[in-house]
Amino acid sequence: MQTLRDLSALRSAVDALKSDGKPLALVPTMGALHDGHMALVEEARRHGRHVAVSIFVNPKQFGPNEDLDAYPRREAKDAQMLQSAGVDILWAPTVEVMYPGGFATNVSVTGISDGLDGAARPGHFDGVATVVTKLFNQVRPDVAIFGEKDYQQLAVIRRFVADLDLPIEIVGLPTQRAEDGLALSSRNAYLTEEERKAALALPRALGEAKRQIEKGEPVEGALAKAIASLAAHGFDPIDYVTLCDAATLEPMAVLNRPARLLGAAKLGTTRLIDNIAVDPA
Ligand code: AMP
């Protein structure tokens, strides 16, 4: 595996890798890798693809009072994991390489970015869309793999890839969970032992609301119960627990088409998100 930090070296390595005609898959990450990330890498390797993984903690997707400085950084261990998984290129640019002086461009996706995390974290999806567009231009993958854990992010990326005619196949993979059901996340490392136990209330509340809604109970009541359960387990604030159209993410008051139930809330200083499919009978 080659670890690369400057753009000309990356371009040469990608040219060399692509010369055999096999497709190149990219897995963008912010590092502090866990089994969720590694499932994306495994998927990237399918069909004999070459694999590039990026690690870049993107300042543009963090708000002024968010955890940019505290975000876990563990590149040496990450590199070992990626090397063992047979990754060809680790692209780990510095902030200066990604955003050199004078950088002034913003990729902004309207509509699908506006609600949920877009409302709770103003500017977040502009930061995501801008950096992912740059990563696509830098690495030039044929395929890019993302997790459904960040469901709205995946929808935003699908939107701008279609809108900008980018010749990249976007693959979404189901959320990988710990044995007890908590979605794996680099941010779980922030949780105290007690918070880690309480965190389970998030997937449980979403699962319970899903069952109620799929049984035909009113959506509003099921969401209210989920919010009450999160509050009882110490989540505060609760940014949202919302049923949305699975494709457009428009809020739904009645389950009449494929939907997604999404939740985001803070436990202590850690903001957790999760989501689950909800299907009409
Ligand atoms: P991050 O490093 O948190 O920015 O995540 C990088 C990629 O890994 C994104 O596409 C995430 O959706 C994906 N990812 C993070 N956690 C999980 C998980 N538990 N299961 C599946 N994919 C995940």
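Just so you know, these numbers come straight off a predicted model, no measurement behind them. Order of appearance sets the numbers: ligands from 1, and atoms from 1 within every ligand.
Atom-to-atom distance recorded for Ser185:OG and Asn188:CG is 4.5 Å, nearest 0.5 angstrom. Annotation: the span from Leu116 atom CG to His124 atom NE2 amounts to 11.5 Å, rounded to 0.5 Å.
Distances from ligand 1 to the non-hydrogen atoms of Pro28 include at least one value under 4.0 Å. Using a 4.0 Å cutoff on heavy atoms, His34 counts as a contact of ligand 1. Using a 4.0 Å heavy-atom cutoff, Leu173 is absent from the residues neighbouring ligand 1.
Within 6.0 Å of CG on Asp180 lie more than 12 heavy atoms contributed by other residues, nucleotides or ligands.
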Going through the checks in order, is the salt bridge (Lys or Arg N to Asp or Glu O under 4.0 Å) test met by Glu42 and Arg45? CA-CA 5 Å; Glu42 220 168 275; Arg45 288 195 57 185; over 6 Å; no
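Under a 4.0 Å criterion applied to the non-hydrogen atoms of Leu184, ligand 1 contributes the atoms 16 (N), 17 (C), 18 (C), 19 (N). Using a 4.0 Å cut-off to heavy atoms of Phe146, the atoms of ligand 1 that qualify are 10 (O). Listed by number with element, the atoms of ligand 1 under 4.0 Å from a non-hydrogen atom of Pro174 are 21 (C). The Asp150 neighbourhood of ligand 1 comprises atoms 11 (C), 12 (O), with distances under 4.0 Å to a heavy atom of that residue.
Contact of the Arg140 side chain with the Arg11 side chain is registered, since non-hydrogen atoms from C-beta on lie closer than 4.5 Å. Side-chain contact between Lys149 and Ile273 is present, with heavy atoms from C-beta onward closer than 4.5 Å. Between Phe146 and Leu173, every side-chain heavy-atom pair lies at or beyond the 4.5 Å cut-off. Here the side chains of Ile112 and Phe125 are not in contact, with every heavy-atom distance at 4.5 Å or above.
An N or O contact shorter than 3.5 Å is missing between Thr175 and ligand 1 by distance. Residue His37 has at least one nitrogen or oxygen atom sitting less than 3.5 Å from a nitrogen or oxygen atom of ligand 1, judged on distance alone.
The protein heavy atom nearest to atom 20 (N) of ligand 1 is Gln176 N, 2.8 Å. From the protein, the heavy atom lying nearest to atom 22 (N) of ligand 1 is Gly147 CA, 3.5 Å. Of the protein's heavy atoms, Leu40 CD1, 3.6 Å lies nearest to atom 13 (C) of ligand 1. Annotation: atom 4 (O) of ligand 1 to nearest protein heavy atom, Met30 CG, 3.6 Å.
Relative to the ring axis of Tyr99, Lys60 places its NZ or CZ within 45° and under 6.0 Å from the centre.
The closest non-hydrogen atom to atom 9 (C) of ligand 1, taken over Gln153, Lys149, Met38, comes from Gln153.
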